[in-house]
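Data block below; observations after.
In what follows, every heavy atom counts, from backbone to side chain, and hydrogens, waters and symmetry copies are set aside. The first residue in the sequence is number 1, and the count goes up from there.
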Amino acid sequence: QVQLVESGGGLVQAGGSLRLSCAASGRTFSSYVMAWFRRAPGKEREFVTFIHWNGRTTSYADSVKGRFTISRDNAKNTVYLQMNSLKPEDTAVYYCAAGRMPTMSFRQYDYWGQGTQVTVSS
């Protein structure tokens with residue numbers, strides 16, 4: 001069992017930055033692929049990025065590539081999402097997820113956090 005708790009969301013102006021954190025419980029954190037998804041109002045859940053257990057293999061949605069960076073600290077059981085050059089269209093609830101497979105499909109992730117709101121004003 002893995003419990004995930006996100007933090008770091010908030011209100012920021014376009015062009016600004018935020019850093020999200022996701023703290024995980026459990027001793028097997030380092031064996032999980034960690035991902036971030038987001039859901040904007042009226043839209044379906046959308047893949048943002050994932051990072052392999054080794055911390056080296058990552059994947060990003062085209063919409064955030066070059067602006068967002070995912071990283072993890074297995075010693076702290078935490079995954080991060082650094083978001084730069086934020087745009088109003090990045091406004092969404094951001095969810096952290098843990099799974100066994102490096103995939104963009106939300107159905108393959110077993111554990112989810114409660115989400116943290118990110119609002120980007122124009």
More than 12 non-hydrogen atoms from neighbouring residues, nucleotides or ligands closer than 6.0 Å to NZ on Lys43, yes or no?
no
I'd like to check the side chain to side chain contact (heavy atoms under 4.5 Å, CB included) partners of Ser121; sequence neighbours left out, ordered by chain and number.
Leu11, Gln13
Name all residues meeting the side chain to side chain contact (heavy atoms under 4.5 Å, CB included) criterion together with Ser122; count only those two or more places apart in sequence or in a different chain, and write none if there are none.
Pro88
Can a salt bridge be assigned to the pair Lys87 and Asp90 using a cut-off of 4.0 Å between side-chain N and carboxylate O?
no
So, Tyr109 side chain and Thr103 main chain: donor-acceptor pair closer than 3.5 Å or not?
yes
Non-hydrogen atoms of Asn54 and Arg56 that approach each other most closely
OD1-N, 2.8 Å
Check whether any side-chain heavy atom of Gln108 sits under 4.5 Å from a side-chain heavy atom of Pro102, and report yes or no.
no
Over all atoms of both residues, closest heavy-atom pair of Pro41 and Thr91:
CD-O, 4.3 Å
Enter the distance from Thr28:OG1 to Gln1:CD here, rounded to the nearest 0.5 Å.
10.0 Å
ring-ring contact (aromatic ring centres under 6.0 Å, His included) against Phe47, all qualifying residues, sequence neighbours excluded:
Phe37, Phe50
Please round to the nearest 0.5 Å and tell me the distance separating atom CD of Gln3 and atom CG of Asn77.
12.5 Å
Side chain to side chain contact (heavy atoms under 4.5 Å, CB included) partners of Asn84, counting only residues at least two apart:
Ser17, Gln82
How about CD on Gln117, more than 12 heavy atoms from neighbouring residues, nucleotides or ligands closer than 6.0 Å, or not?
yes
With rounding to the nearest 0.5 angstrom, report the NE2 to OG distance, His52 to Ser59.
12.0 Å
Tell me, with the steps shown, if Trp112 and Arg45 meet side chain to side chain contact (heavy atoms under 4.5 Å, CB included).
CA-CA 12 Å; Trp112 293 83; Arg45 185 167 19 187; 3.6 Å; yes
Taking only residues two or more places apart in sequence, or in another chain, which ones meet Glu46 in a side-chain hydrogen bond (donor to acceptor under 3.5 Å, both in side chains)?
Arg38
My understanding is that a hydrophobic cluster links ILVMFWY residues whose side chain heavy atoms are under 4.5 Å apart, including indirect links. Using that, what else belongs to the cluster containing Trp36?
Val2, Leu4, Val12, Leu18, Leu20, Phe29, Tyr32, Met34, Val48, Ile51, Tyr60, Val64, Phe68, Ile70, Val79, Leu81, Met83, Leu86, Tyr94, Tyr111, Val118, Val120
Which heavy atom of Ser31 sits nearest to which heavy atom of Trp53, and what is that distance?
C-CB, 4.0 Å
Any donor and acceptor pair, going by atom type alone, linking the side chain of Glu6 with main-chain N or O of Gly115 inside 3.5 Å?
yes
